[in-house]
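Just so it is clear, the values below take in all heavy atoms, side chains as well, and ignore hydrogens, waters and symmetry mates.
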Amino acid sequence: MVVCLQVQIHRISLGTSFWPGEQLQHSSFSGSAKHEKHRNLSLVCVSNMREFDQTALVSAGKYLQNASTISEAISLVKKHLHQGSTIDSYMYVDVLQRCFKHKDLTSVKQVHDCILKSGMDQNPYVANKLMRVYIRCGKVQDARHVFDKLVKKNVFNWTTMIGGYAEHGRPADAIEVYNQMRQEGGRPNEVTYLSILKACACPVGLKWGKEIHAHISHGGFRSDVPVQTALVNMYAKSGSIKDARLVFDEMAERNVITWNVMIGGLAQHGFGQEAFSLFLQMQEEGFVPDSTTYLSILTATACSSAGALGWVKEVHRHAVKAGFDSDMRVCNALVHVYSKSGSVDDARLVFEGMLDRDVISWSAMIGGLAQNGCGHEAFSLFLKMQREGVIPNVTTYVSILTASASAGALEWVKQVHNHARKAGLGSDFRVCNALVHMYAKSGSIDDARLVFDQMSVRNVFTWNAMIGGLAQHGCGQEAFSLFLRMRREGVVPDAITYMSILNASASTGALGWVKEVHRQAVQAGLDSDVRVGNALVHMYCKTGSISDARLMFDGMVERDVITWTAMISGLAQNECGQEAFSLFLQMQREGFIPVATTYASILNVCTSTGLAMVEEI
DNA sequence: TTAGGGTTAG
C-alpha cells in the first residue's frame, strides 16, 4: 500500500497533469505549493494510515491485485466510492479490462454505474475504455450513450465510436459521427481515417468513401501508406475496383498489406489472371508474399473461372516453395479452390497431405466432393471426421447437403439429417433450407415437404427450394399454390422463384396462368433476368404459343446459350424447322457455341425436313 | 494510459 501511495505522491510532485476527478476529493491540496502537498501527504501516510485509507488516491492495478475475482474488484471499487475515496482512471480501466476478459457484461454495467457516481464518465480516457468494452461486447448502443454524454470529446473518443460502427457494419452511423466530428472542429488523424474507411468498405459506403478520399487528399495523408491502403480496400470492397487500382497505382510507397489488398480485391471481383500477375509483380519488386497474400488470391470467385486451374497450380507451387504448405489456412483455401475449379483430385491431394485439419478443412473437402458428384465419398468423409473427433458445424451440413444428385443419395441424406438432429442442428434454418433442397433433389419430395412444413422461419431460399422441388417432380399445381401462399405470407419472390414456378407451369401446359406469372415477373422487374427470360421462352414453347416465345426471345437484352437452345428446340418441336435452322446459324454468327441439346434439336429438324441442312451444319 | 489498413469452409 505504501509503495503504491508513493507512486501517486511522486506523480503529484512531478506536476503530472491529472484529470480533475482524479484529485483528492477531501484534501485541501490545490494549486501551487507542491512541496507542501508532498510533505502533508507524507505526514498523513506515516502518521495516520487508517485515515488516509479513506481519503487518499487509490492506485489502480496494484491495489486491485488483491482482488482475485471481478466481483471482489467491483466490491473494492464500491467500497472506496462509498468511503468517499477517489478512484483513479487506472483502477477503472483495470477493472473494465477484467470484465471484458470474462465477457461479463453485468459487471461492466456495475462498473459503469460506479463511473457515473464518481463523475469519471467525463474522463475521456475512462469513457473511451468503457466504449471499447461495450463495442467489443456487441453493445454499440451503450457505447454511443457513453459517447453522447461525454461533453469534451477527444480524437480517441471520436475514432473509437466511428471504429465501433465500422466493426458492426453500420456505415451510415459511422459517417454521421464522422461528420459531427468535423462540424464540431475535431481533426481526424490517420487512425480516424482508417476507421471511417473501414466503415465505408461496402457497396453502400462508396458515395461517402469518395468524399473521405477528398478529405484525405486535402488533409495531407497522400503519402500515408496505411491510409492509402485503406482507400484501396474501401474502393475494392465497395465495388469500384477501377478506383482501387487507380489509388494503388499512384502510391509512391507500398507494403505487403497494400499488395495483399489489391490482389484480394482483384481476385474477389473475378479478375484472377490480373491478381496472379500482381502476385508475380510484387515478388519482382522484392516483396515476400505472406499467408494473407495466398489467402487473398485463392478465393473461389477468382479460381473457378475458366483457365484458372493453371495459375492456381502455379500459386500452389509458390506456396510450397515458401513453406506455406504447412499453413492450415492456406491449405484449406487450396482444398476449396481446387474443388471449385473442378480439380477435386488436387483438392484431395492437398487435404491428404495436411498434418493438421480443422472443421474448415473437413468441410471444404466434404463440400468439394459433394459438389463434384462424389456424394458417397463425401458422406464417408463426414463419418470419418467425426471418428477423428472433429465436430461438424452448420457449414459442414450445408456443404454436404448441396451435393449434386446421384443414385442412392437419399439414403445418406437421411443419415446426415439424423446426425444433424442428434447434434441439435435439425431445426437450424440454414440446415433446413439445405435439407429441403437436397431431399427434393434426391427424389423424396415428401421428406422435403416434411422439413419445409416444420420450419418456423422461412426465407426466399426455402420457398424456392420447395417450389423448385415440386416443379421438378411434376407437381405443377402444388408448386403454383405454394407460390401464391409465399406471396400471401409477404415473401418477395426473386428470379429463382420465377424460374422455378415457370418450369412448373411448363409441365402443366396451362397458358393462362403462365401469362399471369409472366405479368407478375414484369411487375417485379425480373423479366430482364436471363434465367427468367429463358424459362419464359421455354415455357411459351411448351404451351405451344410459339409467337409469345419469339416475342420474349426477340425482346431479351441478354441471351445465353440456354436462351438460343430453348428457342431453337421450341421452334423445332412446333414444326418451324426452317426458322429453327436459321436461328441456329444466327446463334453461331453471334459467337455462341451450340451444346448437345442444341444439336439434338437441330438434327430432329434435319430428319424431318431433309438431309441438305446436315451438310451445312 | 485510450482509437488502428489485408486473411480460409455453403
> What's the verdict on side-chain hydrogen bond (donor to acceptor under 3.5 Å, both in side chains) for A:Tyr134 and A:His145, showing C-alpha distance, side-chain angles and the deciding distance?
Replying inline: CA-CA 10 Å; A:Tyr134 274 134; A:His145 191 68; over 6 Å; no
> When all nucleic acid strands are considered with a 4.0 Å heavy-atom cut-off, which category describes A:Asn189: base, sugar-phosphate, or nothing?
Replying inline: base
>> Does the plane of the ring in A:Phe279 sit parallel, tilted or perpendicular to the ring in A:Tyr294? Use 30° and 60° as the thresholds.
In response: perpendicular
> Parallel, tilted or perpendicular for A:Phe287 and A:Trp259, by the 30°/60° rule?
Replying inline: tilted
> How does protein contact run along nucleotides 5-10 of chain B, one letter per nucleotide 5' to 3', with B for base contact, S for sugar-phosphate only, - for none, heavy atoms under 4.0 Å?
Replying inline: BBBBBB
Just how far, in rounded Å, is [atom2] of [N] from [atom1] of [X]?
X: A:Phe147; N: B:dT2; atom1: CZ; atom2: C1'; answer: 14 Å
X: A:Leu130; N: B:dA3; atom1: CG; atom2: P; answer: 13 Å
X: A:Asp121; N: B:dT2; atom1: CG; atom2: P; answer: 21 Å

> Between A:Tyr193, A:Trp208, A:Tyr178, which is the residue that forms a ring pair (Phe, Tyr, Trp, His ring centres under 6.0 Å) with A:His215?
Replying inline: A:Tyr178
>> The criterion is ring-ring contact (aromatic ring centres under 6.0 Å, His included); which residues satisfy it with A:Phe147, sequence neighbours excluded?
In response: A:Trp158
> Would you say A:Tyr125 stacks on B:dT2, if stacking means ring centres under 5.5 Å apart and planes within less than 30 degrees?
Replying inline: no
> Is it true that the NZ or CZ of A:Arg458 lies under 6.0 Å from the centre of A:Phe452's six-membered ring and within 45 degrees of the ring axis?
Replying inline: yes
